[in-house]
Protein chains: 2
Amino acid sequence: MEENKDVCEIKFVNEDKVNKVRGLLKPDDIIVRLAETFKVLGDPTRTKIIFALSVEELCVCDIAHLLDMSDSAISHQLRILRNLRLVKCRKEGKMAYYSLDDHHINELFDRGLEHVTER
Amino acid sequence: MEENKDVCEIKFVNEDKVNKVRGLLKPDDIIVRLAETFKVLGDPTRTKIIFALSVEELCVCDIAHLLDMSDSAISHQLRILRNLRLVKCRKEGKMAYYSLDDHHINELFDRGLEHVTER
DNA sequence: GCAATATGTGAACAACTGTTCATCTGTACC
DNA sequence: GGTACAGATGAACAGTTGTTCACATATTGC
């Protein structure tokens, strides 16, 4: 009877609880996109960029000046934020003005700030 | 007059906008903690753990079983989540039951899910 | 005490990340 | 056209991250 894996190979597990959760788990691609979104917000430079853009539309060199970093570094980060649709870009002559892509970002950011500051 | 950096060394910048944002920027330690919180949520394994714990209180081996990963890997991740106060631990005999630390986490998670799924 | 079990933890390793540097594209003005 | 400037991008490098493995700790039941 070495078939009975619930007893032999798997340690004690609350099968009913686990199955309940398993039934509710989101599809893998949703989880991955969600994790990617959080990860992108999880770098201090990008966190600051998002905050800055929640206040004002800014161009690359504005942000670089504000955060005392190179234009190149900021441009790289903005591309990452653009790819995840967290910010959008508006070209005006030589300048590229960036702003938050939608209101969800602002709310998400505020909730995070709440969690960190309230305590 | 090589003091006038606004003209000589810095490229064109919307000084008023930048100064406005600079005045509103949160202190560095707040930003860093905020970024850390997002970063911790930004790994698929931890994202799944947080989701699972938003449904049920679970022990280490429950989660390991659910996600088909080693107990050790889950334990490591849980420590990271514990350190950031995203989950809390309740010992019962040999078992360690984990659950979300407070309601903020759930809300933060739901906002993220909203952003990812709505579109 | 001893064996079994559930979890915790340090070291180590491959994989990934953020910045810098050099270079490229595209626009504005002469 | 040519020069100057804002921004974009690929390669490369150091630093960080997540998992595995081996072992440690702590609790239970004999």
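In the text below, chain A, chain B and the rest are named by the order of the sequence lines, each starting its count at 1.
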Notebook entry, point to check: Under the salt bridge (Lys or Arg N to Asp or Glu O under 4.0 Å) test, which residues partner A/Lys20, sequence neighbours left out?
Noted result: B/Glu56

Check: Who pairs with B/Ser75 by side-chain contact (heavy atoms from CB on, under 4.5 Å), at least two apart in sequence or on another chain?
Finding: none

Next item on the list: Find the distance B/Ile80:CD1 to D/dT16:P and express it as a whole number of Å.
Entry: 15 Å

Check: side-chain contact (heavy atoms from CB on, under 4.5 Å) with A/Lys26: which residues, sequence neighbours excluded?
Finding: A/Ile30, A/Ile31, B/Phe51, B/Leu113

Check: For the pair made of CD in A/Gln77 and C1' in C/dT19, what is the distance, rounded to whole Å?
Finding: 8 Å

Notebook entry, point to check: Taking side chain as C-beta onward, heavy atoms only, is B/Asn14 less than 4.5 Å from A/Tyr97?
Noted result: yes

Next item on the list: Not counting sequence neighbours, which residues clear salt bridge (Lys or Arg N to Asp or Glu O under 4.0 Å) with A/Lys48? List them please.
Entry: B/Asp28

Margin query: Do A/Leu84 and A/Val32 land in one hydrophobic cluster if side-chain heavy atoms of ILVMFWY residues count as linked below 4.5 Å?
Written below: no

Notebook entry, point to check: Please give, in whole Å, the distance from D/dA6 C1' to A/Leu58 CG?
Noted result: 15 Å

Margin query: Against B/Leu86, only a single residue in B/Asp101, B/Thr37, B/Leu53 fulfils side chain to side chain contact (heavy atoms under 4.5 Å, CB included); can you say which?
Written below: B/Thr37

Note to self: Enumerate the salt bridge (charged side-chain N to carboxylate O under 4.0 Å, His left out) contacts for residues 74-84 of chain A, please, sequence neighbours excluded, ordered by first and then second residue.
What the structure shows: none

Checklist line | Spacing of B/Asp43 atom CG relative to D/dT19 atom C1', expressed in whole Å | finding: 10 Å

Dump the pairs, protein N or O against N or O of nucleotides 20-22 of chain D, anything under 3.5 Å, distances to one decimal.
residue : atom : partner : partner atom : Å
D/dT20  : OP2  : B/Ser70 : OG           : 3.4
D/dT20  : O4   : B/His76 : NE2          : 3.3
D/dC21  : N4   : B/Ser72 : OG           : 2.8

Margin query: Let's see if you get this right: which residues in residues 44-55 of chain A place a heavy atom under 4.0 Å from DNA chain D?
Written below: none

Margin query: Output the rounded distance in Å from CZ (B/Arg90) to C1' (C/dA6).
Written below: 15 Å

Next item on the list: Check whether any side-chain nitrogen or oxygen of B/Arg79 sits under 4.0 Å from OP1 or OP2 of C/dG10, and answer yes or no.
Entry: yes

Check: Between A/Val87 and A/Ile50, is any pair of side-chain heavy atoms under 4.5 Å apart?
Finding: yes

Checklist line | side-chain contact (heavy atoms from CB on, under 4.5 Å) between B/His115 and A/Asp102, worked out | finding: CA-CA 9 Å; B/His115 172 72; A/Asp102 67 24; 3.8 Å; yes

Next item on the list: May I have the distance from B/Met95 (atom CE) to C/dT7 (atom P), rounded to whole angstrom?
Entry: 5 Å

Checklist line | Residues within residues 34-42 of chain B bordering DNA chain D, heavy-atom distance below 4.0 Å | finding: B/Lys39

Checklist line | Partners meeting side chain to side chain donor-acceptor pair (under 3.5 Å) with A/Arg90 (sequence neighbours left out) | finding: A/Glu57, A/Glu92

Note to self: Suppose we screen for side-chain contact (heavy atoms from CB on, under 4.5 Å). Which residues come up paired with A/Asn19, at least two apart in sequence or across chains?
What the structure shows: A/Glu15, A/Arg22

Margin query: If the condition is salt bridge (Lys or Arg N to Asp or Glu O under 4.0 Å), which residues does A/Glu36 pass it with, not counting sequence neighbours?
Written below: none

Item checked: Sugar-phosphate or base contact per nucleotide [nucleotides 25-30 of chain C; S, B, -; heavy atom under 4.0 Å] -> -BBS--

Checklist line | Rounded distance (Å) that lies between atom C1' of D/dC5 and atom CG of A/Asp62 | finding: 15 Å

Next item on the list: May I ask you to test the B/Leu78-B/Ile63 pair for a side-chain heavy-atom distance under 4.5 Å?
Entry: yes

Notebook entry, point to check: OP1 or OP2 of D/dA6 less than 4.0 angstrom from a side-chain nitrogen or oxygen of A/Tyr98, does that happen here?
Noted result: no

Next item on the list: Let me know the distance between CG of A/Leu78 and C1' of D/dA8, rounded to the nearest Å.
Entry: 11 Å

